[in-house]
Protein chains: 2
Amino acid sequence: MPNQQPSLDLMFQALADPARRSMVERLSRGPASVSELARPLDMSLPAVMQHLAMLEAGGIVASEKVGRVRTCRINPDVLSLAEHWINQRRTQWEQRLDRLGAFLAAEEDGETK
Amino acid sequence: MPNQQPSLDLMFQALADPARRSMVERLSRGPASVSELARPLDMSLPAVMQHLAMLEAGGIVASEKVGRVRTCRINPDVLSLAEHWINQRRTQWEQRLDRLGAFLAAEEDGETK
DNA sequence: GTGATAGTCAAGCAGTTGCTTAAGTGTCAG
DNA sequence: CTGACACTTAAGCAACTGCTTGACTATCAC
């Protein structure tokens, strides 16, 4: 059973690199082996492995080895966790702006009485 | 006019630190000065300034100095950019799962004919 | 002016990241 | 059994982070 409580730290960290995001983009179209992920990336295989390790640490992808090939796939639950955190901050700010607007409108009403 | 094309790199990087996320959380409840942001953070003011610089580099917050106090506020547009990137990957993967499920169901139908 | 306030600049330092190359380990195909 | 394949480990290195302290610089309040 996989330890399924990744921190936002590791999650956002994992997404903060273009090579890793390109791996996630590839995986969002379906599972892939390590060398498939490496192919478009112009870096050595060990480098790709290190990126993969960070993606796994962030809980964003999981992988499983069968025979000599390791197959990687995305974990959408964790992605939606990050999405949710951002959404909360954004909407909180936007609602504040709305309330502020309403308040200012009311003030102006009062003044013009 | 502020240069408003921050990279996903700097954006996610900015969100990958608990101190910076706590600053964003504080700012999502309304603008604040640098020392207000620093108060709950148990670190020196220069350290907070450095975090602030990364948040600005990621386009997540903007700040403006009036007199001797710098006031910081959130930029919701950039947050929704990050949110959107994540959402696209996640839904792409989930749709793929749906199509795969449909395909397998169809296969099974064929077999049982 | 004097002093407190709010922020800024700069140097320095331990720890992490992002890459490399070189040398393995385990599987599979013939 | 032998070679090719798909990783995996380890060592090493330049660059970047995250923090510190110490020294300034500009307000603002009196």
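Predicted model, so just to flag it, every value in this text is computed and none were measured. Basis for what follows: all heavy atoms, side chains included, without hydrogens, waters or symmetry-related copies.
The bend of the helix from C:dG1-D:dC30 to C:dG30-D:dC1, defined by the angle between the axes of its first five and last five pairs, stands at 30° to the nearest 10°.
Between the P atom of C:dG24 and the CG atom of A:Leu45 lies a distance of 18 Å, rounded to the nearest Å. Following rounding to the nearest Å, A:Met54 (CE) and D:dT17 (P) show an atom-to-atom distance of 13 Å. Spacing between atom CG of A:Leu41 and atom P of D:dC7 amounts to 14 Å, rounded to whole angstrom units. Counting to the nearest Å, the P atom of C:dT16 and the CG atom of A:Leu10 are 12 Å from each other. Rounded to whole Å, the distance from CZ on A:Arg39 to P on D:dC7 is 10 Å. Here the C1' atom of nucleotide C:dA6 and the CE atom of B:Met49 are 10 Å apart, to the nearest Å. Counting to the nearest Å, the P atom of D:dG18 and the CD atom of A:Gln13 are 8 Å from each other. If you take CD of A:Glu64 and P of D:dA6, they are 18 Å apart, rounded to a whole angstrom.
Contact annotation: A:Lys65 side-chain N/O to D:dT8 OP1/OP2 distance is under 4.0 Å. OP1 or OP2 of C:dC19 lies within a sub-4.0 Å distance of a side-chain N or O belonging to A:His51. The side chain of B:Ser35 places no N or O atom within less than 4.0 Å of a non-bridging phosphate oxygen (OP1 or OP2) of C:dA6. Between A:Ser33 and D:dC7 there is a side-chain N or O to OP1 or OP2 distance below 4.0 Å. Here A:Arg68 does not reach the OP1 or OP2 of C:dT25: none of its side-chain N or O atoms lies under 4.0 Å away.
In terms of position along DNA chain C, the nucleotide closest to A:Arg20 lies nearer the 5' end than the nucleotide closest to the other residue of the pair A:Arg20 and A:Pro46. Residues A:Val66 and A:Ser44 both approach DNA chain C. Their nearest nucleotides, taken by heavy-atom distance, put A:Ser44 toward the 5′ side.
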*Determine, stepwise, if the pair A:Glu36 / A:Arg26 fulfils salt bridge (charged side-chain N to carboxylate O under 4.0 Å, His left out).*
CA-CA 9 Å; A:Glu36 266 179 292; A:Arg26 167 66 189 80; 3.4 Å; yes
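Without hydrogens or angle criteria, A:Arg70 side chain to A:Val34 main chain gives no donor-acceptor distance under 3.5 Å. Between the side chain of B:Arg90 and the main chain of A:Leu79, no donor-acceptor pair closer than 3.5 Å is present. At distances below 3.5 Å, not a single donor-acceptor pair connects side-chain atoms of A:Ser35 with backbone N or O atoms of A:Ala38. With hydrogens and angles ignored, the 3.5 Å screen pairs a side-chain donor or acceptor of A:Arg21 with a backbone N or O of A:Leu15. Remark: the backbone N or O of B:Glu83 is not paired with any side-chain donor or acceptor of B:Ser80 at under 3.5 angstrom.
Of the candidates D:dC19, C:dT8, C:dC19, D:dC19 carries the atom nearest the B:Gln50 side chain, counting heavy atoms from C-beta on.
A cation-pi geometry, defined here as NZ or CZ lying under 6.0 Å from the six-membered ring centre and within 45° of its normal, holds between B:Arg89 and B:Trp85.
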